[in-house]
Amino acid sequence: MKDRVFLALLLPLLAGSNPVSQDPLPTDCSDIYANEQKVSGVYTIYPTGDTPVQVYCDMGSEGSLPQDGKWTVFQRRMDGSVNFYRPWEQYKKGFGNKYGEYWLGLENLYQLTLKRKYELKVDLQDFAGGKAYARYTTFSVESEVNGYKLHVSGFINGGAGDALQGHSGMKFSTFDKDQDTWKDNCAKSFLGAFWYSNCHTANPNGIYLWGKDPTLYAIGNVWYQWKGIDYGLKSISMKIRPVCENL
């Protein structure tokens, strides 16, 4: 009798049993936001689908609209605590402190923009407290075989001016891997690493300088169209999010 009762209870469970479903791993910060994690901070994402990567997510300020947040930050300068004059392999894999200054990694950028269509926002701040931004409606990075070539377009001016248009279509260069179009090495000459052409109007990975210094030409973390070629900015933050997330 007891056995029959046990089977009567067990069989419906077995017949209707399914593996417990799990939410897919988050690809970027928009997925983190969708999972009700709406506070800016460091989270774990999976750009390649299986390898965890820590990143700073800019979710927007409290009470802001959804279109103000959900950004995956791939580059951030804020105090000069991290050396950005680094070789190719480190720019490929990423480096720095996700709670402070860091570079997410070219391979991660490629994997992210391979899966979805992204937009880009560049937030800038000077040492007098002034702020500006530049926004681009499309952003993508090609594979390492193609030099992690940059594609950016659809400029929207937030006061910063367009310093990236001349870099679109360029391969990424470091001091030990010269892929620019100049006769010399832009990364060596201007102490940075970027999608240099001949050579730059933006050098966000240049030497961290404290404001304007006319004696140091173009080697700082500069955004020419906003503060000129000899002004090192207090902070630069480059961030992306899927275009489909804009509400």
Side-chain angles (χ1 to χ4, degrees), residues 24-31 44-56 71-77 82-96 98 102-122 134 136-155 162-206 236-244:
L25 296 172
T27 298
D28 59 26
C29 293
S30 70
D31 292 336
T44 300
I45 61 172
Y46 297 81
T48 63
D50 55 2
T51 304
V53 175
Q54 282 199 314
V55 67
Y56 186 86
W71 296 101
T72 300
V73 179
F74 70 84
Q75 186 267 11
R76 187 163 65 167
R77 312 290 299 278
V82 173
N83 176 19
F84 274 66
Y85 191 55
R86 294 178 181 242
W88 176 262
E89 279 301 311
Q90 294 193 33
Y91 269 95
K92 174 183 175 180
K93 296 177 180 178
F95 58 84
K98 302 307 187 298
Y102 73 93
W103 174 263
L104 185 61
L106 290 164
E107 185 61 27
N108 287 324
L109 278 178
Y110 163 64
Q111 294 293 339
L112 283 169
T113 59
L114 179 67
K115 295 178 174 68
R116 296 172 174 174
K117 293 181 179 180
Y118 282 88
E119 66 170 323
L120 166 71
K121 186 182 181 189
V122 185
Y136 300 83
T137 58
T138 64
F139 171 89
S140 64
V141 174
E142 293 188 27
S143 66
E144 184 177 15
V145 172
N146 294 325
Y148 293 121
K149 185 182 293 186
L150 171 70
H151 297 280
V152 61
S153 62
F155 171 66
D162 183 4
L164 286 187
Q165 188 56 53
H167 294 270
S168 187
M170 297 297 107
K171 297 179 179 180
F172 200 89
S173 288
T174 57
F175 64 75
D176 62 337
K177 192 174 183 69
D178 182 10
Q179 300 190 108
D180 60 56
T181 59
W182 195 35
K183 61 181 179 64
D184 293 322
N185 185 321
C186 291
K188 278 186 176 181
S189 297
F190 299 102
L191 304 182
F194 203 55
W195 292 281
Y196 293 117
S197 55
N198 185 30
C199 273
H200 73 78
T201 50
N203 196 32
N205 299 325
I236 302 179
S237 179
M238 305 182 75
K239 56 193 74 173
I240 59 174
R241 69 179 176 189
V243 174
C244 62

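Nothing here was measured: the structure is a model prediction, and the numbers come from that model. Starting from 1, each residue takes its place in the sequence as its number. Worth knowing before you read on, the calculation uses all heavy atoms, side chains too, and leaves out hydrogens, waters and symmetry mates.
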(request) Is it possible for you to check whether Arg86 lies under 6.0 Å from the centre of the six-membered ring of Phe95, through NZ or CZ, and within 45° of that ring's axis? (result) yes

(request) Would you check if there is a donor-acceptor pair between the side chains of Tyr196 and Asn185 at a distance under 3.5 Å? (result) no

(message) Donor-acceptor pair, distance only, cut-off 3.5 Å: does the side chain of Arg77 make one with the backbone of Pro204?
(response) yes

(message) If I take atom CZ from residue Arg76 and atom NZ from residue Lys239, how far apart are they, to the nearest 0.5 angstrom?
(response) 8.5 Å

(request) Could you give me the CA-CA distance, side-chain angles and deciding distance for Asp180 and Lys171, then say whether salt bridge (charged side-chain N to carboxylate O under 4.0 Å, His left out) is met? (result) CA-CA 7 Å; Asp180 60 56; Lys171 297 179 179 180; over 6 Å; no

(message) Side chains of Asn205 and Tyr85 only: does a donor on one sit below 3.5 Å from an acceptor on the other?
(response) no

(message) Are Trp103 and Phe84 an aromatic pair, judged by ring center distance below 6.0 Å?
(response) no

(request) Under the salt bridge (Lys or Arg N to Asp or Glu O under 4.0 Å) rule, collect the residues that match up with Lys92, sequence neighbours excluded. (result) Glu144

(message) Which label fits Phe74 and Trp195: parallel for a plane angle under 30°, tilted from 30 to 60°, or perpendicular past 60°?
(response) perpendicular

(request) Indicate yes or no: at least one non-hydrogen side-chain atom of Pro87 is less than 4.5 angstrom from one of Phe175. (result) yes

(request) For the pair Ser173 (side chain) and Asp178 (backbone), establish whether a donor and an acceptor sit closer than 3.5 Å, ignoring hydrogens and angles. (result) no

(request) Evaluate the ring planes of Phe155 and Tyr136, with Trp represented by its six-membered ring, and classify them as parallel (under 30°), tilted (30 to 60°) or perpendicular (over 60°). (result) tilted

(request) Please answer whether the main-chain N or O of Phe190 pairs with a side-chain N or O of His200 as donor and acceptor at a distance below 3.5 Å. (result) no

(request) Assess whether salt bridge (charged side-chain N to carboxylate O under 4.0 Å, His left out) is satisfied between Asp176 and Lys188, documenting all intermediate values. (result) CA-CA 8 Å; Asp176 62 337; Lys188 278 186 176 181; over 6 Å; no

(message) Tell me if a side-chain donor or acceptor on Asn146 pairs with a main-chain N or O of Glu142 at a distance below 3.5 Å.
(response) no

(message) Given 3.5 Å as the limit, does a donor-acceptor pair link the side chain of Arg241 with the main chain of Lys121, or not?
(response) no

(message) My understanding is that only residues two or more places apart in sequence, or in another chain, count here; which of them pass ring-ring contact (aromatic ring centres under 6.0 Å, His included) with Tyr56?
(response) none

(message) Is it true that Thr181 and Ser197 share a donor-acceptor pair across their side chains at a distance under 3.5 Å?
(response) no

(request) Among Asp28, Thr113, Thr72, Thr137, find the residue that satisfies the side chain to side chain donor-acceptor pair (under 3.5 Å) test when tested with Tyr118. (result) Asp28

(request) Give a yes or no answer on whether the side chain of Tyr102 reaches the backbone of Val73 with a donor-acceptor pair at less than 3.5 Å. (result) yes

(request) Tell me, with the steps shown, if His151 and Phe139 meet ring-ring contact (aromatic ring centres under 6.0 Å, His included). (result) CA-CA 6 Å; His151 297 280; Phe139 171 89; 9.7 Å; no

(request) In sequence, state the C-alpha distance, the side-chain angles, and the governing distance for Tyr148 and Glu107, and then conclude on side-chain hydrogen bond (donor to acceptor under 3.5 Å, both in side chains). (result) CA-CA 8 Å; Tyr148 293 121; Glu107 185 61 27; 2.5 Å; yes

(request) Provide the closest heavy-atom pair for Ser189 versus Asp184 in the form atom of the first, atom of the second, distance. (result) OG-CB, 4.5 Å

(request) Report yes or no: does Thr44 contribute a side-chain atom to a donor-acceptor pair with the main-chain N or O of Gln54 at less than 3.5 Å? (result) no

(request) Drop me the distance from Cys186's SG to Asn203's CG, to the nearest 0.5 angstrom. (result) 9.5 Å

